[in-house]
Chemist: 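I'd like to ask some things about the structure below.
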Number of protein chains: 2
Amino acid sequence: MQTSDAVGALSALAHEGRLNAFRLLVRAGPGGLAAGEIARHTGMLANTLSAHLGILNAAGLTRSRREGRSILYRADYDQTRELIAFLMEDCCGGEARICAPLAQLASRACAAEGATV
Amino acid sequence: MQTSDAVGALSALAHEGRLNAFRLLVRAGPGGLAAGEIARHTGMLANTLSAHLGILNAAGLTRSRREGRSILYRADYDQTRELIAFLMEDCCGGEARICAPLAQLASRACAAEGATV
DNA sequence: TCTATATTTCACGAAATATCGAATTATCCA
DNA sequence: TGGATAATTCGATATTTCGTGAAATATAGA
């Protein structure tokens, strides 16, 4: 991931409404949610939300597809992982201050979910 | 970490110059770097950089202390870790799409550095 | 085809952010 | 004390972002 891509993704997430929408989609899973449902959960007007979802899409953090009258948005887990990896890059500096606790957190979370890769 | 804190941290990082400065500090380690050195590395004017470092500080991502005529900035690893953990929260959704690969990445990186927690 | 629903696009004023030159503060050292 | 260095603060301008109402587009179903 290039710095400019990371700035784009970070900018997209640097807004309360967009961050809420994104996290909602992360929790919603691969199936995603319709724009209308996201609007209801976040309390944003349809046109305002549409602009924000467009920004998340442009940053590569979400994907969308039409299904009937609805447009379903889902989180892009690959891009999300790349962004986090970018922030973690070179973090150890011989001390493992960031990485090691996150590694534990990640493995604990995944173990708790009984998830497999 | 609250959503508003995360938005503050993400906004702080959502700028090419600030992201470069922050990552430079992450790589620099706990000792940190003088503002002047950061300015030289990033190519920003002293006053512009000063404003940006103030934003990173306000977001809790960096700390500063005076040492002689210089002011040394360092990354705040705890806050950084909390931000990343916030983004990873609830990511598994039973599929471990984000967490598991990051857990591997984190442990590999730490192992490579020969680091200890 | 007509109507209702779901979402996006457009235009615009208000607010926030970024950058720069000039001036100011803090520290060191002769 | 006076000069040099390091960094911040101030003031102004340019740019970007945000939220909204109105209008347009796409789809489903009677």
Side-chain angles (χ1 to χ4, degrees), chain A residues 3-25 28 31-76, chain B residues 3-25 28 31-76:
Chain A
T3 299
S4 54
D5 300 321
V7 170
L10 291 165
S11 300
L13 294 176
H15 178 282
E16 179 157 6
R18 288 195 298 263
L19 183 58
N20 285 336
F22 173 74
R23 279 162 47 90
L24 183 66
L25 291 176
L33 290 175
E37 291 191 77
I38 303 172
R40 203 150 16 78
H41 275 91
T42 61
M44 284 190 272
L45 290 180
N47 55 356
T48 300
L49 175 66
S50 179
H52 289 310
L53 290 174
I55 289 170
L56 288 170
N57 258 5
L61 290 165
T62 58
R63 305 281 168 183
S64 58
R65 68 180 194 281
R66 176 175 286 274
E67 194 152 296
R69 266 176 294 198
S70 297
I71 294 186
L72 299 184
Y73 285 83
R74 64 179 170 83
D76 186 312
Chain B
T3 300
S4 54
D5 301 321
V7 170
L10 291 165
S11 299
L13 294 176
H15 177 282
E16 178 157 5
R18 287 196 299 263
L19 183 57
N20 285 335
F22 174 74
R23 278 163 47 90
L24 183 66
L25 292 175
L33 291 175
E37 292 191 78
I38 303 172
R40 203 149 15 79
H41 276 91
T42 61
M44 285 189 273
L45 290 179
N47 56 357
T48 299
L49 175 67
S50 180
H52 288 311
L53 291 175
I55 289 169
L56 286 171
N57 259 4
L61 290 165
T62 58
R63 306 280 168 182
S64 57
R65 68 180 194 279
R66 177 175 284 276
E67 194 152 296
R69 266 174 294 196
S70 297
I71 293 186
L72 300 184
Y73 286 83
R74 65 179 169 82
D76 185 312

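Naming convention: chains lettered A, B, ... in sequence-line order (proteins, then strands); numbering from 1 in each chain.
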Chemist: Compare the minimum distances between each of D:dA26, D:dA7, C:dT8 and the side chain of A:Arg66, then state the nucleotide with the smallest one.
Modeler: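 Among the listed nucleotides, the one closest to the side chain of A:Arg66 is D:dA26.
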Chemist: Among D:dT8, C:dT7, D:dA28, which nucleotide sits nearest the side chain of A:Arg69?
Modeler: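 Nearest to the side chain of A:Arg69 among the choices is D:dA28.
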Chemist: In whole Å, what is the span from the CZ atom of B:Arg40 to the C1' atom of D:dA7?
Modeler: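 So the CZ-C1' distance, B:Arg40 to D:dA7, works out to 14 Å.
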Chemist: Which is more 5' along DNA chain D, the nucleotide nearest A:Glu67 or the one nearest A:Arg18? Just name the residue.
Modeler: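 Result of the comparison: A:Arg18.
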Chemist: Would you kindly give the CG-to-C1' distance between B:Asn57 and D:dA7, to the nearest whole Å?
Modeler: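 B:Asn57 atom CG is separated from D:dA7 atom C1' by 13 Å.
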Chemist: Identify the heavy atoms of B:Ala6 and A:Leu19 that sit nearest to each other, and give their distance.
Modeler: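 For B:Ala6 and A:Leu19, the tightest heavy-atom pair comes out as CB-CD2, 3.9 Å.
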Chemist: Go nucleotide by nucleotide along DNA chain D from the 5' end; which of A:Ala51 and A:Gly68 gets its closest nucleotide reached first?
Modeler: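 Nearest nucleotide further toward 5': that of A:Ala51.
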Chemist: From the options C:dT19, D:dA7, C:dT7, select the nucleotide whose nearest atom is closest to the side chain of B:Thr48.
Modeler: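 Of C:dT19, D:dA7, C:dT7, C:dT19 is nearest to the side chain of B:Thr48.
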Chemist: I need the CG-P distance between B:Leu33 and D:dA7, as an integer number of Å.
Modeler: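 Going from B:Leu33 (CG) to D:dA7 (P), I get 11 Å.
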Chemist: I need the CG-C1' distance between A:Leu45 and C:dT9, as an integer number of Å.
Modeler: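 Those two atoms, CG and C1', are 15 Å apart.
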Chemist: Is there a side chain to side chain contact (heavy atoms under 4.5 Å, CB included) between A:Arg74 and A:Leu25 once you walk through the steps?
Modeler: CA-CA 6 Å; A:Arg74 64 179 170 83; A:Leu25 291 176; 5.7 Å; no
Chemist: Decide side chain to side chain contact (heavy atoms under 4.5 Å, CB included) for A:Val7 and A:Thr3; before the verdict, give the C-alpha distance in whole Å, the side-chain angles of both, and the deciding distance to 0.1 Å.
Modeler: CA-CA 6 Å; A:Val7 170; A:Thr3 299; 4.3 Å; yes
Chemist: Out of B:Leu53, B:Ile55, B:Leu61, which one pairs with B:Arg18 under the side chain to side chain contact (heavy atoms under 4.5 Å, CB included) rule?
Modeler: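 In the set B:Leu53, B:Ile55, B:Leu61, the residue that makes a side chain to side chain contact (heavy atoms under 4.5 Å, CB included) with B:Arg18 is B:Ile55.
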Chemist: For A:Ile71 and D:dT25, give me the distance from atom CD1 to atom P, rounded to whole Å.
Modeler: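 About 15 Å, once rounded to whole Å.
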Chemist: Just to be sure I understand the rule, does B:Ala34 reach a base, reach only the sugar-phosphate, or reach nothing, if contact means heavy atoms closer than 4.0 Å?
Modeler: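 Sugar-phosphate: the residue B:Ala34, judged by heavy atoms under 4.0 Å, touches backbone atoms but no base.
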Chemist: Grab the CG-P distance between B:Leu49 and C:dC20 for me, whole Å please.
Modeler: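 One finds 12 Å between P of C:dC20 and CG of B:Leu49, rounded.
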Chemist: Between A:His52 and D:dG19, does any side-chain N or O lie under 4.0 Å from OP1 or OP2?
Modeler: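 For D:dG19, OP1/OP2 do have a side-chain N/O of A:His52 under 4.0 Å.
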Chemist: With a 4.0 Å limit, can you tell me whether A:Tyr73 has a side-chain N or O closer than that to the phosphate oxygens OP1/OP2 of C:dT8?
Modeler: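 True: A:Tyr73 side-chain N/O within range (under 4.0 Å) of C:dT8 OP1/OP2.
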Chemist: How far apart are the C-alpha atoms of A:Arg65 and A:Arg63, what are their side-chain angles, what is the distance that settles it, and do they pass the side chain to side chain contact (heavy atoms under 4.5 Å, CB included) test?
Modeler: CA-CA 7 Å; A:Arg65 68 180 194 281; A:Arg63 305 281 168 183; over 6 Å; no
Chemist: Select one nucleotide: of C:dA18, D:dC18, C:dT8, the one nearest the side-chain heavy atoms of A:Asn47.
Modeler: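 Out of C:dA18, D:dC18, C:dT8, the nucleotide with an atom closest to A:Asn47's side chain is C:dT8.
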Chemist: Let's see if you can work this out: which of D:dA7, C:dT27, C:dT7 has an atom nearest to the side-chain heavy atoms of B:Ser70?
Modeler: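 Among D:dA7, C:dT27, C:dT7, the one nearest the side chain of B:Ser70 is D:dA7.
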Chemist: What is the distance, to the nearest angstrom, from the CG atom on A:Leu10 to the C1' atom on D:dT16?
Modeler: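 That distance rounds to 17 Å.
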Chemist: Please check the phosphate of C:dT17 (OP1 and OP2 only) for any side-chain N or O of A:His15 closer than 4.0 Å.
Modeler: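 Negative; the distance criterion is not met.
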Chemist: Looking for any heavy atom pair under 4.0 Å, which part of the strands does B:Ala46 touch: base, sugar-phosphate only, or nothing?
Modeler: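 Counting heavy atoms under 4.0 Å across all strands, the contact made by B:Ala46 includes a base.
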Chemist: Please give, in whole Å, the distance from D:dA7 P to B:Ile38 CD1?
Modeler: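 Nearest whole value for this atom pair: 9 Å.
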